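Worth knowing before you read on, the calculation uses all heavy atoms, side chains too, and leaves out hydrogens, waters and symmetry mates. Ligands are counted one by one from 1 in listed order, and the atoms in each one are counted from 1 as well. Keep in mind that what you see is a predicted model, and the values were worked out from it rather than measured.
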Amino acid sequence: MSEAALSTHTAEFLKRRHGAWIAGRHETDGLDGELDVLDPASERAIAKVGLGSAAHVDRAVAAARKALSGPWARLTPDERTRLMLRYAELIESRAEQFTEIAVLDNGMPWALGQSTAAFCAVFLRYYAGWTSKIAGQTLPSTAHGKRPDELFAYTVREPIGVVGAITPWNYPFGMEILKIAPVLATGCTLVLKPAEQAPLAGLLLGELALEAGIPEGVFNVVVGLGEVAGAALAAHPGVDKVAFTGSTEVGRLILKAAAGNLKKVSLELGGKSPVVIFPDADLAQAIPGAGMAAFMLQGQNCVCGSRLFVHEKVADAVAEGLAQFARSLPVGPGMEKTNMIGPVISAEQRGRIEGFLQSAEQQGARALAGGKRLDRPGYFIPPTVYAGCSADMRVVREEIFGPVVAMQTFGDDDLETIARRANDTVYGLS
Ligand code: NAD
């Protein structure tokens, strides 16, 4: 699709100058330069976004603290529910724009991009129902020698305060809404630091929140580099909680940075999940199932099923079927709607994945499909299947975050043994 064919909303949004979104307006003063947002399918710049500094994080946190005690704090739960429902409706009315931005910003296939507005609306509506159901408890206390009917003890649930949300680039809109929706339901406020590789979704969600009537300062967005704006947010004394989704490595840094004022922290980190195919499986279902578990969203997915265990009786059939399946998936720009595998996010990420492909060859794995980048513009790695893998290989041990599956076999072992192999990873499983 050419840029001329983009919806008016998207074309206008991409043309605008985006700064740090603080208290309902774009601040462009004192930016740390500008970032070219690249379409990973063409490597062309589609928008320019200002890079926020630690000073912008400071101002965004101040705006979020102010909003905590402003009109936002005086809304009833029912009023917050209504605003959230209005926000969900506004997002659904922009479904086309969400699809276009998700595809251009992240590179995902069109069909996945089409799921983003509905994903956001579903989560907002779910959390909108919670505003009136977050209640404290009455406690039968016998403190100070009193009987429970002589001492009234209770707990009141209050907003945690300002939340610093730091998100990855792999599912723009989705990763952000999972932070914003609970913040709105609980009466907290937010400073979002989206991933610099795909920052547009966060900015658009911030603008639409204001348009839906959510007061200024409740939802602020500072696009910036992880080690600058992300680190400043994680360490900021005015932030009460950090909600982070990203790599395990950065998760460790966040924990340390949050220790200064003992922030609450939630971390959603990397993955290396197993898929197990037993000899009695219906292979017509199991093969595409295992394939899409590994290749969906180019494998840039924390629930990616990148370690495949197959019973030796069906190993040949699965290997052949999976290689055929991998080769049958149309690879190309997400804007061409029939493509099912898009580019990976960046040249850097493609380079990382190629490092894994080289290591697989050096360590003796056999590539049955893919294994090399495509010779065309855009950061394309085709779906890749490795057979003959063993537990010590890097492609088996480490998160690749690319469309790569590493196959190992098992014999007539008991379930305990198979489970032990499937669970043999430092990552959480899904
Ligand atoms: P990343 O850890 O490199 O970056 C995530 C975010 O952290 C980005 O916004 C980045 O700018 C920021 N950041 C980087 N350095 C920072 C620092 N020193 N201080 C504060 N913030 C910093 O991860 P990524 O490459 O964007 O995303 C891929 C990772 O995310 C994978 O490991 C994937 O498994 C994980 N992920 C997990 C889930 C989940 O729900 N568990 C979901 C999606 C992605």
task = Carefully, step by step, assess Val310 and Met407 under the rule side-chain contact (heavy atoms from CB on, under 4.5 Å).
result = CA-CA 7 Å; Val310 185; Met407 191 175 137; 3.9 Å; yes

For [atom], what's the nearest protein heavy atom and its distance?
atom	answer
atom 9 (O) of ligand 1	Thr167 O, 2.7 Å
atom 18 (N) of ligand 1	Leu253 CD1, 3.6 Å
atom 35 (C) of ligand 1	Gly246 O, 3.2 Å

request  = May I ask you to identify, for Gln300, whether its side chain, its backbone, both or neither come under 4.0 Å of ligand 1 on a heavy-atom basis?
outcome  = neither

task = Give the contacting part of Gln197 toward ligand 1: side chain, backbone, both or neither, where contact means a heavy-atom distance below 4.0 Å.
result = neither

Report yes if [X] has an N/O atom closer than 3.5 Å to an N/O atom of ligand 1; otherwise report no.
X	answer
Trp169	yes
Thr245	no
Thr248	no
Ile166	no

query = Does Met175 reach ligand 1, in the sense of a heavy atom lying below 4.0 Å from it?
reply = yes

inquiry  = Against ligand 1, does Phe244 come closer than 4.0 Å with any heavy atom?
reply    = yes

ask   = Would you call the rings of His18 and His26 parallel, tilted or perpendicular if under 30° counts as parallel and over 60° as perpendicular?
value =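 Answer is perpendicular, since the angle exceeds 60°.
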
request  = Could you tell me how the ring of Phe123 sits relative to the ring of Phe119: parallel (under 30°), tilted (30 to 60°) or perpendicular (over 60°)?
outcome  = tilted

task = Mark up the atoms of ligand 1 that fall under 4.0 Å of a heavy atom belonging to Ile254, in ascending order.
result = 20 (C), 21 (N)

key: Option set Cys302, Ala235, Gly174, criterion heavy-atom distance to atom 39 (C) of ligand 1, minimum   =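 The option holding the nearest heavy atom is Cys302.
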
query = Nearest non-hydrogen atom to atom 1 (P) of ligand 1 belongs to which of Ser247, Ser430, Gly230?
reply = Ser247

Cation-pi check, Arg394 onto Phe356 ring (under 6.0 Å, within 45° of axis) =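 Here Arg394 passes the 6.0 Å and 45° test against Phe356.
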
Stacked cation flag Arg376 on Phe380, 6.0 angstrom / 45 deg = yes

request  = Applying ring-ring contact (aromatic ring centres under 6.0 Å, His included), run through Phe173 and Phe98 and close with a yes or a no.
outcome  = CA-CA 8 Å; Phe173 292 116; Phe98 272 46; 4.0 Å; yes

inquiry  = Regarding Tyr171 and Ser115, do their side chains bring together a donor and an acceptor under 3.5 Å, going by distance alone?
reply    = yes

inquiry  = What I want to check is whether the side chains of Ser266 and Lys241 have a donor and an acceptor closer together than 3.5 Å.
reply    = yes

task = Please examine the side chains of Arg252 and Thr248, heavy atoms only from C-beta on, and report whether any two atoms are closer than 4.5 Å.
result =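 Counting from C-beta outward, Thr248 and Arg252 do come under 4.5 Å.
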
